[in-house]
Amino acid sequence: MMFDSMVCRISDHRVNRRRVWHDGVHFRTKCTRCDTPLIRDLQDGWRRFDEERDLVFERQPHPRNA
């Protein structure tokens, strides 16, 4: 896991396309290497989910948490 997170810092995260879901605002998933939450937005593409920047009231929880 530690090696995987180092790889992601150098070469970027690997999107888990089999686990993508829509939270009512954006598409989300996790990195297949380091398990970091990812979000897809129109300007930046896939990037790390940032609690301060991305946490909005309209977001719905993951379908398994509902």
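- Other residues sharing the hydrophobic cluster of Phe27, ordered by chain and number and joined by side-chain separations under 4.5 Å: Val15, Val20, Leu38, Trp46.
- Listed by chain and residue number, Asp41, Asp44, Asp54 satisfy the salt bridge (charged side-chain N to carboxylate O under 4.0 Å, His left out) test with Arg47 (two or more places apart in sequence, or in another chain).
- With side-chain heavy atoms closer than 4.5 Å counting as contact, directly or through intermediates, the hydrophobic cluster containing Val56 also holds Val25.
- In this structure, the separation between OG1 on Thr32 and CG on Asn16 is 6.0 Å, given to the nearest 0.5 Å.
- Between atom NE2 of residue His26 and atom CD1 of residue Ile39 there is a gap of 5.0 Å, rounded to the nearest 0.5 Å.
- Side-chain contact between Arg33 and Arg14 is present, with at least one heavy-atom pair separated by less than 4.5 Å.
- Listed by chain and residue number, Arg28, Arg59 satisfy the salt bridge (charged side-chain N to carboxylate O under 4.0 Å, His left out) test with Asp23 (two or more places apart in sequence, or in another chain).
- A search for salt bridge (charged side-chain N to carboxylate O under 4.0 Å, His left out) contacts involving Asp50 returns nothing, not counting sequence neighbours.
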